[in-house]
Amino acid sequence: MEANETADEVRGLRPLPGSARRGSHAFEERLADLLRLLDIEVAPGADFTDTGRWEVHKALAGRAQLPEEYFEALLSAAVYDPNPSFNRRFVEPALTGFGRRRVRMALLARLRTGTDEERAGAARAWYWTALSAGDRWTDPDDGSSVRNAWHEAALREFVANEDQDVRRSILPGLPLVPRAYPAELHPLVERAVEIARTHPDEYIRERAETQVAL
């Protein structure tokens, strides 16, 4: 798999579109905060975000121990990054430095209690925590409990939240088959499938048909 190629693209699935909230300066502000924390200077301009992501990657790649104050800065940058491919520049250092369970628990909290922008960003970031990387990011207690909690919270959010960006971002990591959930959630799965298949957004409709068949 190429460095910027997602597992979905390898399987021939349509890639997740970028956030519809690209006009927001929230990501640039959080990236600037992270760069200051790392004592990295990046000149302002049109390529600030691309250069900033790369500088963070170079500074933190492979570092197994990171200062505690880096955790929230990395998480916020990952959540607010509108690009569903390049947000991994922040997710992967957090996974390596703090462990998958902690990162996933923090993203789950954003999904449950954050703004719509944070919920969508948490779902985009979650995608990278779910990819296989051997045992590199696996904690001893990183079992199925957090993953199951995410699936239930994501399912409820997908059904209840009409924000298009939230639904787009949640869907790639959301099983749409009843066997993935306890019996009491099966009606909610059926409702999610109905919403996705009849949604006005083409990406959501196409994605739903693929996932239901998996």
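The ring-ring contact (aromatic ring centres under 6.0 Å, His included) analysis of residues 149-176, with sequence neighbours excluded, yields the pairs Trp126-Trp150. Residue pairs meeting the salt bridge (charged side-chain N to carboxylate O under 4.0 Å, His left out) criterion with at least one partner in residues 70-80, sequence neighbours excluded, are Glu72-Arg110. Among residue pairs with one or both ends in residues 41-55, those qualifying as salt bridge (charged side-chain N to carboxylate O under 4.0 Å, His left out) are Asp50-Arg53, Arg53-Asp81, Glu55-Lys58; sequence neighbours excluded.
Counting heavy atoms from C-beta on, the side chains of Val91 and Leu107 never come closer than 4.5 Å. Counting heavy atoms from C-beta on, the side chains of Arg112 and Glu157 never come closer than 4.5 Å. No side-chain heavy atom of Arg89 sits under 4.5 Å from any side-chain heavy atom of Val56.
Residues satisfying the ring pair (Phe, Tyr, Trp, His ring centres under 6.0 Å) test with Phe71, not counting sequence neighbours, are Phe98. For Arg205, there are no salt bridge (Lys or Arg N to Asp or Glu O under 4.0 Å) partners at least two apart in sequence or on another chain. Evaluation of the side chain to side chain donor-acceptor pair (under 3.5 Å) rule for Glu68 yields Arg102 as partners, not counting sequence neighbours. Applying the side chain to side chain donor-acceptor pair (under 3.5 Å) rule to Thr49 yields no partners; only residues at least two apart in sequence or on another chain are considered. Every residue two or more places apart in sequence or in another chain was checked for a salt bridge (Lys or Arg N to Asp or Glu O under 4.0 Å) with Arg167, and none qualifies. Scored by the ring pair (Phe, Tyr, Trp, His ring centres under 6.0 Å) test, His57 finds Trp54 as partners (sequence neighbours excluded). With sequence neighbours left out, Arg63 forms a salt bridge (Lys or Arg N to Asp or Glu O under 4.0 Å) with no residue at all. A search for salt bridge (Lys or Arg N to Asp or Glu O under 4.0 Å) contacts involving Glu190 returns nothing, not counting sequence neighbours.
Taking a 6.0 Å sphere around CD of Gln65, one finds it holds 12 or fewer heavy atoms contributed by other residues, nucleotides or ligands.
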Output a table of donor-acceptor pairs, distance under 3.5 Å, between side-chain atoms of residues 27-34 and any protein atom two or more places apart or on a different chain; print 'none' if there are none.
unit_1	atom_1	unit_2	atom_2	d
Arg30	NH1	Ala26	O	3.2
Asp33	OD1	Arg36	NH2	2.3

- Report the C-alpha distance between Leu66 and Leu74 in whole Å, list the side-chain angles of each, state the deciding distance to 0.1 Å, and finish with yes or no for side-chain contact (heavy atoms from CB on, under 4.5 Å). CA-CA 11 Å; Leu66 296 178; Leu74 283 167; 4.1 Å; yes

- Message: Checking Asp163 against Arg168 for the salt bridge (Lys or Arg N to Asp or Glu O under 4.0 Å) test, could you report, in this order, the C-alpha distance in whole Å, the side-chain angles of both residues, the deciding distance, and whether it holds?
- Response: CA-CA 9 Å; Asp163 183 88; Arg168 275 182 171 181; over 6 Å; no

- Item | Test log, rule side-chain hydrogen bond (donor to acceptor under 3.5 Å, both in side chains), inputs Arg100 and Thr129 | CA-CA 7 Å; Arg100 183 164 64 177; Thr129 74; over 6 Å; no

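No side-chain donor-acceptor contact under 3.5 Å links Arg124 to the backbone of Pro84. Side-chain atoms of Glu118 do not come within 3.5 Å of backbone N or O of Tyr80 as any donor-acceptor pair.
Of all non-hydrogen atoms in Val166 and Asp116, the two that sit nearest each other are CG2-O, 3.4 Å. Pairing each heavy atom of Leu75 with each of Ala106, the nearest pair is CD2-CB, 3.5 Å.
With salt bridges taken as basic N to acidic carboxylate O contacts below 4.0 Å, none links Arg207 and Asp201.
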